[in-house]
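First the structure, in the form of structure tokens, and then the observations on it.
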Amino acid sequence: MIYQRTKAINRNPLLHYAKHGSTGRPHERIQRATSKLRKCIPFITELKDVEDPEEALSLFHDYKERGFRHYYPSYAALLYKLARSRKFEAVETILTQMQETDMHCRESVFMALFEHYGKASLPEKAFELFRRMPRFNCVRTLQSFNALLNVLVDNDRFAQANDVFYRSYEMGFRPNTVTFNIMIKGWLAKGEWEKACEVFDEMLQKTVQPSVVTYNSLIGFFSRKGDLDKAMALLEDMNQKRKRANEVTYTLLMEGLCSVGKYEEAKKLMFDMAYRGCKPRVVNFSVLMNDLGKRGKIEEAKSLLHEMKKRRLKPDVVAYNILINYLCKGGKTAEAYKVLIEMQIGGCEPNAATYRMMVDGLSRIGDFEVGLNVLNAMLASRHCPRSETFNCFVVGLLNSGNVDGARFVLEEMEKRKVEFDSEGWETIIKYACSEDKGASGLVTILTSPSI
């Protein structure tokens with residue numbers, strides 16, 4: 001296995017540049033060499049600006065027809081583009097071409113493909129590609145083995161994952177902490193505590209040290225079950241074994257405490273974090289804010305936001321969304337709108353959830369004029385509301401006499417092929433039959449094939 005790895009590396013054409021054209025550690029030199037090589041390839045430079053996968057394929061073949069010889073970096077860049085768009089038939093075609101050229105491929109491209117296959121619920125494709133990797137002059141390491149195992153576990157293929165896991169030594173891999181963590185995570189997600197314990201015990205028997213991630217998986221399981229005694233015992237076990245807990249560890253414990261009504265204990269735990277060697281983060285404050293919001297204590301949640309700022313912690317979109325969500329649910333959309341403005345001034349970009357909560361909240365109280373401004377900003381940010389929200393806005397704007405606003409919303413619906421409901425139709429017909437000439441134009445929009 002060691003001889004194969006060395007042989008593969010020595011035949012890498014990038015090594016000549018790495019040896020003679022740069023300084024630093026070997027792996028850093030190779031990375032810099034690859035980066036520089038990529039920048040010098042015109043195909044890759046042009047490919048970066050191409051969004052459509054079909055156009056990317058066409059560009060690839062166009063370069064080929066013009067006499068340009070594609071090497072590994074070009075193939076890899078195209079594969080990433082195709083896989084992200086889930087054009088897996090095209091991916092297979094390109095892989096076949098790569099195999100026929102007998103080029104040397106890097107493990108990272110296969111790991112990326114495993115991930116995309118997993119997201120598309122195609123774990124068998126990932127498994128088959130893992131088996132084929134040596135045909136691409138690529139040495140499989142524990143990294144790609146772990147990547148495959150993670151895809152199988154995430155896609156609920158536990159029988160296959162177990163088989164792969166227990167054949168690891170036979171395949172030439174020695175499982176590490178990451179390997180065991182993947183299996184533990186999977187069994188806990190299924191609620192199979194005993195199976196997770198078996199894997200954990202095997203981990204210790206093979207003298208593989210548990211990591212913070214290992215403990216976080218176990219602590220999270222107990223916290224979600226409400227078994228806080230066992231969760232806290234694991235925290236103490238970490239301290240005894242000098243495994244420093246991180247903000248995720250405390251977040252899981254705080255969520256567990258809040259779920260059983262122990263807010264004060266969760267708050268105390270957060271403020272004790274610093275003494276335990278872990279500085280509180282935004283995520284820890286967000287747990288407390290969410291619990292306060294659920295119980296209608298919005299002012300206390302606001303005070304925690306100010307506390308964050310005092311500690312020079314910049315609130316993220318999740319923290320702001322918690323406030324906006326509960327303010328809108330409580331009918332306090334004017335305050336929610338102020339929070340939206342505050343977060344933008346503070347340099348925090350609203351996401352799709354922010355806008356959806358705001359426009360839904362404003363439509364619920366019938367404030368369609370302000371809502372139209374927020375909706376416009378939402379669309380400009382390339383986010384889209386639910387179809388129910390679109391319909392509600394058209395009806396609301398017409399009822400308030402804003403025909404131009406209703407027309408704008410209908411046009412945006414048409415662009416996005418969003419359907420119009422029966423209640424909206426009735427309102428449109430009512431206005432179209434009125435003396436308002438502007439309203440009659442709405443019928444033209446509605447009768448287009450898209451609506």
Side-chain angles (χ1 to χ4, degrees), residues 177-178 181 184-185 188-189 210-226 228 230-295 297-327 336 339-354 357:
T177 305
V178 174
N181 284 347
I184 290 170
K185 173 196 73 172
L188 291 176
S211 66
V212 176
V213 175
T214 317
Y215 279 103
N216 284 351
S217 295
L218 301 171
I219 287 170
F221 177 79
F222 284 122
S223 295
R224 286 188 293 273
K225 282 184 65 178
L228 274 304
K230 286 183 180 177
M232 294 301 290
L234 282 166
L235 178 63
E236 292 307 316
D237 188 51
M238 287 181 74
N239 292 331
Q240 288 174 13
K241 291 179 179 175
R242 295 184 180 181
K243 299 286 182 186
R244 181 171 289 184
N246 59 18
E247 66 270 19
V248 176
T249 317
Y250 289 105
T251 298
L252 294 167
L253 288 166
M254 289 168 63
E255 286 176 340
L257 289 165
C258 287
S259 70
V260 295
K262 295 184 177 180
Y263 170 83
E264 292 301 328
E265 288 185 36
K267 187 176 181 180
K268 183 178 183 301
L269 182 62
M270 186 184 78
F271 287 108
D272 285 347
M273 282 172 62
Y275 296 105
R276 294 172 179 255
C278 183
K279 184 181 176 182
R281 305 290 180 185
V282 174
V283 64
N284 303 110
F285 280 91
S286 295
V287 171
L288 299 181
M289 287 174 63
N290 191 52
D291 187 69
L292 290 169
K294 283 181 183 177
R295 294 184 286 122
K297 298 188 175 183
I298 304 296
E299 292 305 316
E300 289 185 42
K302 281 184 184 178
S303 68
L304 282 176
L305 191 73
H306 295 310
E307 179 68 27
M308 262 191 264
K309 293 176 180 178
K310 281 182 184 177
R311 290 171 175 252
R312 295 185 178 180
L313 289 173
K314 185 179 179 181
D316 61 11
V317 68
V318 175
Y320 280 115
N321 281 356
I322 289 168
L323 274 184
I324 289 171
N325 179 37
Y326 289 111
L327 284 168
V339 173
L340 175 64
I341 300 301
E342 179 187 330
M343 72 183 287
Q344 289 176 305
I345 291 171
C348 182
E349 191 67 28
N351 61 14
T354 318
M357 288 185 292

Problem set entry | From Leu292 atom CG to Tyr326 atom OH, the distance as rounded to the nearest 0.5 Å | 10.0 Å

Exercise. Are Lys268 and Glu265 ion-paired here, with the side-chain N under 4.0 Å from a carboxylate O?
Worked result: no

Seminar exercise, completed: Here the pair of heavy atoms bringing Val282 nearest to Lys314 is CG2-O, 3.4 Å

For this session: Report yes if some heavy atom in the side chain of Val339 is under 4.5 Å from a heavy atom in the side chain of Tyr320; otherwise report no.
Result: yes

For this session: Mark yes or no for whether Lys267, through its side chain, and Leu288, through its backbone, hold a donor-acceptor pair below 3.5 Å.
Result: no

Problem set entry | Any donor-acceptor pair under 3.5 Å from Asn284 side chain to Glu247 backbone | yes

Exercise. Can you find a heavy atom in the side chain of Glu342 that is under 4.5 Å from one in the side chain of Leu305?
Worked result: yes

Exercise. For Asn216 and Leu252, which heavy atoms make the closest approach, and how far apart are they?
Worked result: O-CD1, 3.3 Å

Exercise. Mind checking whether Thr177 and Pro210 have side chains closer than 4.5 Å, heavy atoms only?
Worked result: no

Exercise. If you draw the axis of the six-membered ring of Tyr263, does the NZ or CZ of Arg295 fall within 45° of it and under 6.0 Å from the ring centre?
Worked result: yes

Exercise. Checking Ser223 side chain against Gly220 main chain: does a donor-acceptor pair fall under 3.5 Å?
Worked result: no

For this session: With rounding to the nearest 0.5 Å, note down the distance linking NZ in Lys225 to OG in Ser259.
Result: 13.0 Å

Problem set entry | Heavy-atom side-chain proximity of Met238 to Val212 below 4.5 angstrom | yes

Exercise. Among side-chain atoms of Asn181 and Ser217, is any donor-acceptor pair under 3.5 angstrom?
Worked result: no

Exercise. What pair of heavy atoms forms the shortest contact from Asp237 to Tyr215, and how long is it?
Worked result: OD2-OH, 2.8 Å

Problem set entry | Side-chain heavy-atom pair Pro280, Phe285 within 4.5 angstrom cut-off | yes

Exercise. Is there side-chain contact between Phe222 and Leu228, with at least one heavy-atom pair below 4.5 Å?
Worked result: no

Problem set entry | Closest non-hydrogen atom pair, Cys348 against Pro315 | SG-O, 4.1 Å

Exercise. With distance as the sole test, does Asn325 use its side chain to make a donor-acceptor pair with the main-chain N or O of Ile322 at under 3.5 Å?
Worked result: no

Seminar exercise, completed: Rounded to the nearest 0.5 angstrom, the CD-CD distance for Gln344 and Glu349 is 6.5 Å

Problem set entry | Minimal non-hydrogen separation, Lys279 against Met273, with atom names | O-CE, 3.8 Å

Seminar exercise, completed: Value for CG (Leu188) from CD1 (Ile219), rounded to nearest 0.5 Å, stands at 11.5 Å

Exercise. Any side-chain heavy atom of Tyr250 sitting closer than 4.5 Å to one from Val283?
Worked result: no

Exercise. Around Lys294, counting heavy atoms of other residues, nucleotides and ligands shown, do more than 12 lie under 6.0 Å from its NZ?
Worked result: no

Problem set entry | N-O pairing of Arg276 and Asp272 below 4.0 Å | no

Problem set entry | Closest non-hydrogen atom pair, Met289 against Ala319 | CE-O, 3.5 Å

